[in-house]
Amino acid sequence: MKKMITLSLVSVFGTLVLIGCSAGNTPSVGNVENANKTCISKNLTHEKVHDIIVKAGEENGWKMTEFKTNSVIAEKTVNENSTAVTVTFDESTFELNPANSELQSILEKALD
């Protein structure tokens with residue numbers, strides 16, 4: 001009986017982890033690593049996601065600097081206040097570190 005319960009729990013947890021972004025913009029419940037990631041609903045290549053992120057940021061006053069193949073640094077200065085955010089992405093998600101609601105909204109609209 002204990003084996004059945006354990007197997008059932010492992011199965012449910014595994015299913016939640018594998019669901020990932022398939023349910024829209026809700027990251028997988030069982031995957032803490034995906035907690036801050038935003039899902040991309042379009043079917044895009046890595047390069048296209050990169051291009052959309054850079055273009056959207058630049059069009060909204062952010063300086064976009066290449067960092068790695070899967071991330072860019074977005075910087076914006078208003079008056080004397082500077083903000084820097086690392087945008088990490090792949091074909092199906094993006095993540096901002098630290099969080100920034102302005103840039104988040106811009107990227108969600110551009111990638112929708």
Side-chain angles (χ1 to χ4, degrees):
M1 183 69 170
K2 281 186 178 181
K3 285 184 181 181
M4 258 176 108
I5 292 172
T6 303
L7 184 57
S8 295
L9 290 174
V10 169
S11 178
V12 168
F13 180 76
T15 301
L16 290 173
V17 170
L18 293 176
I19 290 173
C21 290
S22 63
N25 272 354
T26 306
S28 171
V29 174
N31 194 341
V32 175
E33 181 179 316
N34 287 336
N36 297 322
K37 292 186 178 183
T38 301
C39 296
I40 300 170
S41 59
K42 294 180 181 178
N43 186 15
L44 302 171
T45 64
H46 187 270
E47 293 78 20
K48 187 66 176 170
V49 172
H50 170 272
D51 294 345
I52 291 170
I53 288 172
V54 170
K55 183 178 177 186
E58 289 175 345
E59 287 177 349
N60 288 278
W62 291 81
K63 178 184 175 201
M64 307 301 277
T65 305
E66 302 296 327
F67 182 56
K68 295 181 181 179
T69 58
N70 67 335
S71 60
V72 294
I73 297 174
E75 299 172 284
K76 189 171 189 177
T77 303
V78 177
N79 298 325
E80 292 184 17
N81 298 322
S82 294
T83 302
V85 179
T86 302
V87 182
T88 305
F89 59 91
D90 58 30
E91 295 84 2
S92 60
T93 62
F94 71 90
E95 179 178 15
L96 304 180
N97 188 17
N100 181 285
S101 60
E102 177 191 352
L103 187 56
Q104 177 82 27
S105 177
I106 290 166
L107 297 181
E108 284 176 356
K109 288 176 186 172
L111 291 164
D112 187 30

Show which side-chain atoms of residues 66-86 pair as donor or acceptor with protein atoms under 3.5 Å away, not counting sequence neighbours.
unit_1 : atom_1 : unit_2 : atom_2 : d
Glu66  : OE1    : His50  : NE2    : 2.9
Glu66  : OE2    : His50  : NE2    : 3.0
Lys76  : NZ     : Asn60  : O      : 3.1
Lys76  : NZ     : Glu102 : OE2    : 2.7
Thr77  : OG1    : Ser82  : OG     : 3.1

Working to the nearest 0.5 angstrom, can you tell me the gap between [X] [atom1] and [Y] [atom2]?
X: Leu44; Y: Glu91; atom1: CG; atom2: CD; value: 9.5 Å
X: Leu103; Y: Glu108; atom1: CG; atom2: CD; value: 10.0 Å
X: Leu107; Y: Trp62; atom1: CG; atom2: CH2; value: 9.0 Å

Compare every heavy atom of Thr93 with every heavy atom of Lys37, then report the nearest pair and how far apart it is.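 The answer is CD-OG1, 3.8 Å.
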Please name the residue in the list Val87, Thr38, Thr88 that meets the side-chain contact (heavy atoms from CB on, under 4.5 Å) test with Leu96.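 So, applying the side-chain contact (heavy atoms from CB on, under 4.5 Å) to Leu96 and each of Val87, Thr38, Thr88, only Val87 qualifies.
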Hey, is the main chain of Asp112 close enough, under 3.5 Å, to the side chain of Lys42 for a donor-acceptor pair?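 Confirmed, Lys42 side chain pairs with Asp112 backbone.
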Going through the distances and angles, do Val49 and Asp90 end up as a side-chain contact (heavy atoms from CB on, under 4.5 Å)? CA-CA 7 Å; Val49 172; Asp90 58 30; over 6 Å; no
Does Phe89 form a side-chain contact (heavy atoms from CB on, under 4.5 Å) with Leu111? I'd like the steps, not just the answer. CA-CA 12 Å; Phe89 59 91; Leu111 291 164; over 6 Å; no
